[in-house]
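Encoded as structure tokens, the structure appears first; notes follow it.
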Number of protein chains: 2
Amino acid sequence: MKPAVAVVEPKTPGNVGTIARAMKNFGMDDLKIVDPPELDRDSEAYGFAGQAREDVLPNYDEVTFDELVANYHTVGLTATTNEDARKHVRFPFETPAELADSLAEAEADVVLIFGRESNGLTNEELARVDQVCSIPASADYPALNLGQAATVTLYELRDLTVDETQHPDVERERADEAAIEGFYDGFADLLAAIDHPEEKRDKTMRLVRRLVGRAHPTGREIATLRGVLRRATERAEAADPPRTQ
Amino acid sequence: MKPAVAVVEPKTPGNVGTIARAMKNFGMDDLKIVDPPELDRDSEAYGFAGQAREDVLPNYDEVTFDELVANYHTVGLTATTNEDARKHVRFPFETPAELADSLAEAEADVVLIFGRESNGLTNEELARVDQVCSIPASADYPALNLGQAATVTLYELRDLTVDETQHPDVERERADEAAIEGFYDGFADLLAAIDHPEEKRDKTMRLVRRLVGRAHPTGREIATLRGVLRRATERAEAADPPRTQ
């Protein structure tokens, strides 16, 4: 399920380039433009497109809004939503995260439609789309720049469109529970070796457990820390016993 | 918990403006720049900042990287992560969504640090930060433009930073369950009135229930549809009985 991305009457070539780059960053490639501006090789469109200047941007299709409505399940993006359910042009709407969920079940060809820099999609255009999507932002200033709105929206759809991210498989890298428990045992041994007050040891161990638990340590981190604890415990045991207080 | 946002040695004023705009869109206001470029009132910084040209952008602070490390819990952003846990400069890292969760519990002053357009943050800089964050993107082309990376990151932190979005309270607008059940009853009445084959009625009702359930209808939508069903049922009942097949 890779949606196409359409832009209606963009005036600024740089925004088209920004959108093309975001498409490539998040695994999409089908760019459509209604009434495109001049998109020369030396325009900001190409300057802003990054590696998308090689494929997404030069391969864009010029289309009409009517063609989008006729051939796709259409999703219109807007910053301005209706306040309530009495008017239907801009309500109900979904957030990009909700859109990702609902499109995950869609079988149709989908196009995300972004409007003009100046005033987005018109009421007439929004009335013709199948779904409305709106990015939650500050009530004081909810209007994102066109390129930034597209970037956020495509980012949220990444689970549908990106086959493989640049990130390693993090789960695999987490330390296994036995190793982490070994670390806690080692920490308790150290507390004993340094004569940490007995009545405080349980509380201290809970604190350590919470802290390390939140950090989701890697195997490497735990192995390193266990080594440090072992050496510290050995040194403490070899040292003179502490003076009684 | 509103993080500050720092940019290290940005070369392109337009990117600074884009970041300032995203900050205002997502409720942040404390912009810091290490070695800023020229940021004249007629530069692209102001051209790209939208309404942030009035406050976030002109109020930026010029800082050093050392000052950030000394005074904040630092989060470094990078597209390039280590492949595994053997090297610690770029691993472990969190995604922006994970960062939002972990910062929700942080009491400290936090700064998000974005690197240069050309090559991000250096290994030396990343070695000095407290957390590393990386945006999941296509393995084929994971490098987002600086302004776009900041936009996605600040968007993900919106629950921590935006007091009130422009969106109406959607939960309140959903039709209540009794009304939706009334709609289903009305639909079943219509099926009976139009002599829909009895053996198919249960299956049809399940289909309708799934479809409407996924759409999370508003009270207004359900009221409208119930009216339509009622009229259709009345007309069907008033019409001649169908010919037997």
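Here is how names work: the chains are called A, B, and so on, in the same order as the sequence lines, proteins then strands, and each is numbered from 1.
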Below 4.5 Å, heavy-atom pairs only: which of [options] has the largest tally toward chain A?
options	answer
B/S102, B/A143, B/G27	B/A143
B/S134, B/A52, B/G50	B/S134
B/Q148, B/E94, B/E164, B/K24	B/Q148

Original post:
Quick one: side-chain hydrogen bond (donor to acceptor under 3.5 Å, both in side chains) partners of B/R231, sequence neighbours excluded?
Top reply: none
Side chain, backbone, both or neither of [X] within contact of chain B (heavy atoms, under 4.5 Å):
X	answer
A/D140	backbone
A/E44	side chain
A/T18	both

**OP:** Cation-pi check, B/R21 to B/F48: give yes when NZ or CZ is under 6.0 Å from the six-membered ring centre and within 45° of the ring axis, no otherwise.
**Re:** no
Closest-packed option against chain B by number of heavy-atom pairs under 4.5 Å, given [options]:
options	value
A/N145, A/T161, A/T95	A/N145
A/P136, A/G14, A/P142	A/P136
A/D163, A/V152, A/D101, A/V162	A/V152

**OP:** Check step by step if side chain to side chain contact (heavy atoms under 4.5 Å, CB included) holds for B/I135 and A/F26.
**Re:** CA-CA 10 Å; B/I135 298 169; A/F26 296 115; 4.2 Å; yes
**OP:** Answer yes if the side chains of A/S138 and B/N25 hold a donor-acceptor pair under 3.5 Å, and no otherwise.
**Re:** no
Original post:
Where is the tightest heavy-atom contact between A/P58 and A/R41, given as atom of each residue plus distance?
Top reply: CB-NH2, 3.7 Å
**OP:** Measure B/Q131 against the heavy atoms of chain A and call it side chain, backbone, both or neither at under 4.5 Å.
**Re:** neither
Subject >> Contacting moiety of B/L154, where chain A heavy atoms sit under 4.5 Å >> reply: neither
**OP:** Would you check if the side chain of A/D176 reaches a backbone N or O of A/A178 as a donor-acceptor pair within less than 3.5 Å?
**Re:** yes
Original post:
Below 4.0 angstrom, N of the basic side chain to O of the carboxylate: do A/E38 and A/K11 qualify?
Top reply: no
Original post:
Parallel under 30°, tilted from 30 to 60°, perpendicular over 60°: which one fits the rings of A/H167 and B/F93?
Top reply: tilted
